Amino acid sequence: MISIRQSVYLVLLFSLGSCTALATNTEYHTYGTLSNEEYDRPGVTIDGDIMAMVGQMSVEEKIGQMTQINQDLVLGKDGVLNRTAVEYYAKNYYVGSYLNQLAVDGKNYDAADYAEIIEEMQEITLGVNSTFKIPIIYGLDHIHGAHYVANTTIFPHGINLAASFNPKLAYESASITARDTRAAGVQWTFAPVLDIPVNKQWPRVFENFGEDPHLSSVMGVASIRGYQGKYKTDRTKVAACMKHFIAYGAPYSGQDRDSTVVSERTIYDYFVPGFQAAIDAGVATAMESYIDINGEPVVSSKKYLRELLRDQMKFDGMLVTDWQEIENLHIKHMVAASHKEAVRMAIADTSIDMSMVPQDVIFFDSMMALIKEGAVSMERVDESVARLLQLKKDVGLLEPNGWKADSKLQAMIQSEQDIDVAINAARESMTLLKNTNATLPLTKEKVKRVLVVGPTGDNLGHLAGGWTIQWQGATEDAWHGAVSDEQFYGNGISILEGIQNSAPEGVEIEYMQGFTIDGKDDDMKSVLEMAKDFDAFLVCIGEHVYSELPGNIHDMTLPQGQIDHVDRLSSAIGNDKPLITVLLEGRPRVLDSIVENSDAILQAYLPGPWGGQAIGEVIFGLTNPSGKLPYTYPKYAGDTTLNYWRPANDLWDPLYEFGHGLSYSTFRYSNITVDGLYNTDETQYLFTGEMEKEVSVNITNTSPVDGKETVMMFVQQPFRVVTPPKKLLKGFYKIDVPANSTVNVRFAVDADLFRYTGIDGIPQDTIDNGAVKILIGDQEFDLQVVNNDK
C-alpha cells in the first residue's frame with residue numbers, strides 16, 4: 001500500500017501574559033473536525049445481507065444497478081417529470097442511478113421541489129416488479145455548496161479554500177453542503193476535486209485545492225469529513241466522491257480532456273498523495289478521469305483502476321466513470337472499434353462499478369451481450385453490484401422510507417450561520433499580491449471619493465464562476481453569456497456593495513463599468529473624464545464565467561482590451577492617485593502591464609456570491625488579508641506548467657511564488673531549533689524507522705495590527721539520486737498572532753518526509769542518505785538523513 005505521510009503534529013504556545021493555549025493537529029482535529037475514529041468509511045468486506053441480495057438478483061437487475069443516466073431522459077423541457085419514462089427505464093433497464101441538475105429554461109428548483117421530483121422518481125422505481133425494491137441513488141456536482149439547488153448557500157471555490165490554508169473552513173462548508181444536498185433528497189455529491197493543476201492554462205484549476213500535494217491532501221480530508229462524517233447513521237451527510245483519478249490536471253496541451261504526458265514518478269509523488277489521503281480518510285466513492293496517460297485511457301486501465309487504486313492504495317469504495325467515458329473509448333480515445341468492445345475493456349479489465357452512461361441505454365445492452373458471450377464474468381459483475389448496494393445501504397436508501405428528504409433540513413437552508421461561513425471563507429482567502437507604499441487599506445484620511453471600474457465590479461456571477469446554479473455558471477445562456485444575477489434570488493453581495501458596506505462614513509463610492517469582460521469599450525471615455533473627481537480607483541477585472549471545455553483558452557494572458565483599458569486609466573490618473581486591481585479569475589491569467597500600473601493587487605479568485613463583502617472589508621482594512629497563493633503565478637504566457645516543486649535545476653521566473661501573500665501586519669520568524677538545539681550546537685540526524693524530532697520556530701507580529709499568518713514548513717534535499725524538487729511543503733498551520741506578540745510553532749519531522757519514488761520505480765520507496773534542510777519562513781535548519789533500512 002502506498003502511504004503518503006502527513007506531518008504528525010504541531011503545537012502552538014501563545015505567549016499572552018498568563019494565557020497559554022495548547023493544540024495538536026494529529027488526525028486533523030485541531031481544525032474543528034472530529035478524530036479519525038469518529039468517521040465512517042467503506043468496509044473492507046461487504047455486509048452479509050447485501051451479498052445475499054446480490055445472489056438472488058437477475059442479470060438484468062444487476063446491470064441496471066451499474067447504470068447511471070441523466071435527468072433529461074425523464075424530465076421534460078417544461079420541468080414536469082415524465083412518469084412514463086421513469087417507469088420505462090425502471091421496468092426495462094432497472095436503472096440504479098440518476099444525475100444532474102433539475103432545471104429547465106432557466107427555472108431552478110429549491111430543496112422542496114427537488115425532493116418532490118426525486119421522491120416521485122423513487123416511488124415509480126420502487127413500484128416496478130423486481131426481486132428487490134431498490135431505490136435509485138441521485139448524484140450532483142455540489143463542489144462549492146449545494147449550488148444546483150435554489151436558495152442554498154454557495155461557498156467560495158476550492159481554490160479559495162486552498163488559499164485560506166484553513167481546513168476548518170473546508171470542513172464547515174462541506175458540512176453545510178452535505179446537509180443542504182440531503183435536504184433536496186440527494187445522497188451523493190461528486191466532490192471533492194483532488195486533481196493537482198499542474199498546467200495553469202487548464203480550465204479546472206479553480207475547482208481544486210492548488211498545486212501542492214500536501215495542501216490538497218489536508219483540504220481534501222477536511223472536506224471529506226465534512227461531507228461524510230458518520231454517513232452510515234447520520235442522515236445529514238452524503239457520500240463524497242474523490243475525483244478525478246488520476247493525473248487529470250496535467251493536460252499536455254493545457255486544454256481540458258486532452259492527453260496527459262507524465263512520468264510514473266510524477267504520478268506517484270505528486271498526484272497520488274491527495275487521493276491516498278482521501279482513501280485513508282474513508283471517502284465512499286471515486287470518479288475516474290477523462291484523460292489518457294501516455295496514451296493509455298484511464299477508464300480502461302487495469303494498471304490505474306485495479307492495480308494502483310484497489311490493490312496498492314486499498315480503495316474499498318464505489319468507482320464511477322466520468323461523463324460518457326466508456327463510450328469515449330470508441331468515439332474519442334479511439335482504442336475500441338465498437339461500443340461493445342469499449343464496455344468490455346472498461347468493465348472486464350478494471351474495477352469500475354458504475355457507468356455514467358449518461359444519455360442512452362447502450363451500456364446496458366452491451367453488457368448483456370458481453371455476459372451472454374462470456375466476455376465479462378458474473379463474478380466481475382457481482383463485485384461491482386455488491387459495492388453499489390453497500391453504498392445505498394450505507395447512505396440509508398435501503399431503510400424504510402430512507403430515500404425521503406427531511407423537511408427539517410429544508411428549514412435550515414441559508415441560515416445566517418451558513419452565510420457567515422461563506423463570508424469567512426472568502427475573507428481568509430483574500431490574497432494581497434502587491435501593496436506599494438501601503439496603498440491599502442484605504443482610509444477616510446486618504447480618500448473621500450472612490451470610483452469602482454470594470455466588468456466584474458457589480459455582479460454576482462463573476463464572483464461565483466462556473467458550477468454555480470448552471471453547469472456554466474449563472475449566465476443568461478450556457479456558453480459564455482452575460483452573467484445573470486437574477487438566478488441568485490437576492491442572495492449575495494457584489495464587490496460594489498461590499499465596498500459601500502465597508503467604506504467609512506463620509507467616503508463616497510461610485511461605479512462605472514468602462515469596459516466589458518472581453519475588453520471591449522463600454523464608455524471608457526466617461527470614466528477617464530471623471531477620473532479627476534476621484535481620489536482612488538478600484539479596477540475589477542478577470543475572466544469569463546466558465547467550467548470544463550468551454551473554458552479552454554490558447555493564451556493565458558488576460559484579454560488585451562482589459563490590459564489596455566487599465567493602461568489608459570493609469571495614464572489618466574498619473575502617479576498621485578492609487579489604482580487598485582481586484583482579480584476575479586479561476587486560474588492565474590498573465591497580467592502584463594497591469595502589474596506595473598497597479599499600486600495594489602488583490603487576488604480574490606472565485607469567492608462566491610458573498611465574496612464582495614470580503615473584498616470590501618480588505619480594501620478598507622476591516623479585514624486583514626491572510627490568504628496565500630495555492631499555486632505559482634506565472635509572469636509569462638508560455639509558463640503554463642510552472643510549479644514551485646519543479647526540479648531544482650529548472651529555470652524559474654514566476655510573477656509570484658506559491659505561498660506568497662501580503663498582510664497589513666508584519667511578521668518576523670526567528671529561533672528555529674530541532675529538539676531544542678540550534679544549528680551550531682551539534683549535528684542532528686533523522687533515521688528511518690525511528691521517532692520523529694520536533695522543529696520549533698517563533699513568529700512575532702512586529703506591527704500594531706492583529707494578523708493571521710500561515711506558517712509553512714518546507715523540506716529540501718540539495719542532492720539525491722534523482723534530481724530533487726527545489727522544496728516541498730510538508731506541514732502548515734494558520735495562526736492568529738496578536739499585535740506585538742510572539743507565537744511558538746512546532747512541527748514533527750522524520751526521515752519519511754524525504755521519501756520519494758526512486759530509480760527502481762517503486763512508489764515512495766526511496767530515502768537517500770545525506771544533507772537535508774527544514775525551511776520555515778526565512779529560517780532553515782540543517783540535518784542529516786541516515787537510511788538504516790539499507
Side-chain angles (χ1 to χ4, degrees), residues 159 163 200-201 205-206 430-440 442 450-458 462-463 465 495-496 499 511-522 524 527-528 531 534 536-544 553-607 611 615 618-619 625 627 629 631-640 642 653-657 660-662:
I159 203 65
K200 303 306 182 292
Q201 185 175 313
V205 170
F206 68 88
M430 293 294 113
T431 306
L432 188 58
L433 300 179
K434 181 180 180 181
N435 195 24
T436 304
N437 298 323
T439 296
L440 293 178
L442 299 180
V450 177
L451 181 62
V452 180
V453 179
T456 65
D458 190 25
H462 283 297
L463 285 165
I495 295 177
L496 176 61
I499 294 291
Y511 174 73
M512 294 184 67
Q513 179 167 304
F515 53 94
T516 70
I517 198 70
D518 295 312
K520 297 178 180 178
D521 194 302
D522 186 24
M524 193 65 183
V527 173
L528 299 177
F534 293 88
F537 302 85
L538 194 73
V539 183
C540 303
I541 58 176
E543 292 193 285
H544 275 293
I553 55 175
H554 297 284
D555 187 346
M556 287 183 66
T557 309
L558 273 175
Q560 190 60 46
Q562 291 195 46
I563 297 169
D564 292 343
H565 288 305
V566 175
D567 277 343
R568 294 173 66 192
L569 181 59
S570 176
S571 297
I573 65 178
N575 297 322
D576 298 330
K577 298 179 180 181
L579 190 155
I580 300 136
T581 295
V582 176
L583 301 173
L584 291 182
E585 49 187 14
R587 58 197 151 193
R589 299 296 292 267
V590 172
L591 302 176
D592 203 8
S593 60
I594 289 173
V595 178
E596 291 74 31
N597 287 328
S598 303
D599 297 286
I601 301 175
L602 182 65
Q603 172 62 290
Y605 312 95
L606 294 173
I615 293 169
V618 168
I619 296 301
L629 278 177
Y631 51 58
T632 302
Y633 205 115
K635 185 187 297 183
Y636 307 104
D639 290 340
T640 60
L642 205 63
D653 187 18
L655 181 62
Y656 299 109
E657 291 196 34
H660 172 75
L662 305 175

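No hydrogens, no waters, no symmetry mates; every other heavy atom, side chains included, goes into these values. Keep in mind the model is a prediction, meaning the values are calculated, not measured.
- For the residue pair D555/T557, the side-chain donor-acceptor check at 3.5 Å is satisfied.
- Rounding to the nearest 0.5 Å gives a distance of 10.0 Å between OG of S598 and CG of L433.
- Using modelled atom types and a 3.5 Å distance limit, the side chains of N597 and S570 yield a donor-acceptor pair.
- Taking both residues in full, the closest heavy atoms of L432 and I601 are given as CD1-O, 3.5 Å, listed atom of the first, atom of the second, then distance.
- Here C540 contributes atom SG and Q513 contributes atom CD; the two are 10.5 Å apart, rounded to the nearest 0.5 Å.
- Scanning all heavy atoms of the two residues, the minimum distance from P559 to R589 falls at CD-NH2, 4.2 Å.
- P654 pairs in a side-chain contact (heavy atoms from CB on, under 4.5 Å) with only one of the listed residues (T632, D639, L629), which is T632.
- Between V450 and F534, the closest heavy-atom pair is C-CD2, 3.6 Å.
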**S593/V566 under side-chain contact (heavy atoms from CB on, under 4.5 Å): CA gap, chis, key distance, verdict** = CA-CA 9 Å; S593 60; V566 175; over 6 Å; no
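- In this structure a side-chain-to-backbone donor-acceptor pair under 3.5 Å is missing from K200 to Y631.
- Checked options E585, H660, K434; the residue passing with Q603 is E585 (criterion: side chain to side chain donor-acceptor pair (under 3.5 Å)).
- The two residues Y511 and V452 make their nearest non-hydrogen contact at CD1-O, 3.1 Å.
- One finds the CZ atom of R587 at 4.5 Å from the CD atom of E543 (value rounded to the nearest 0.5 Å).
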**Request:** Give the intermediate values and the outcome of side-chain contact (heavy atoms from CB on, under 4.5 Å) for residues L602 and T431.
**Result:** CA-CA 6 Å; L602 182 65; T431 306; 5.8 Å; no
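- The CG atom of L583 lies 11.0 Å from the CG atom of L606; values are rounded to the nearest 0.5 Å.
- Residue N435 comes nearest to A600 through the heavy atom pair OD1-CB, 3.9 Å, listed as atom of the first residue, atom of the second, then distance.
- In this structure, the separation between NZ on K635 and CG on D592 is 12.0 Å, given to the nearest 0.5 Å.
- Annotation for D653: atom CG counts as buried by contact number, over 12 foreign heavy atoms lying within 6.0 Å.
- L538 contributes atom CG, which lies 5.0 Å from atom CD1 of I499 (distance to the nearest 0.5 angstrom).
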**Message:** Walk me through whether T581 and L591 qualify under side-chain contact (heavy atoms from CB on, under 4.5 Å).
**Reply:** CA-CA 11 Å; T581 295; L591 302 176; over 6 Å; no
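- Counting only residues at least two apart or in different chains, ring pair (Phe, Tyr, Trp, His ring centres under 6.0 Å) contacts with residues 558-593 comprise F515-H565.
- Minimum interatomic distance between P578 and D599 (heavy atoms only, all atoms of both residues): CA-OD2, 3.3 Å.
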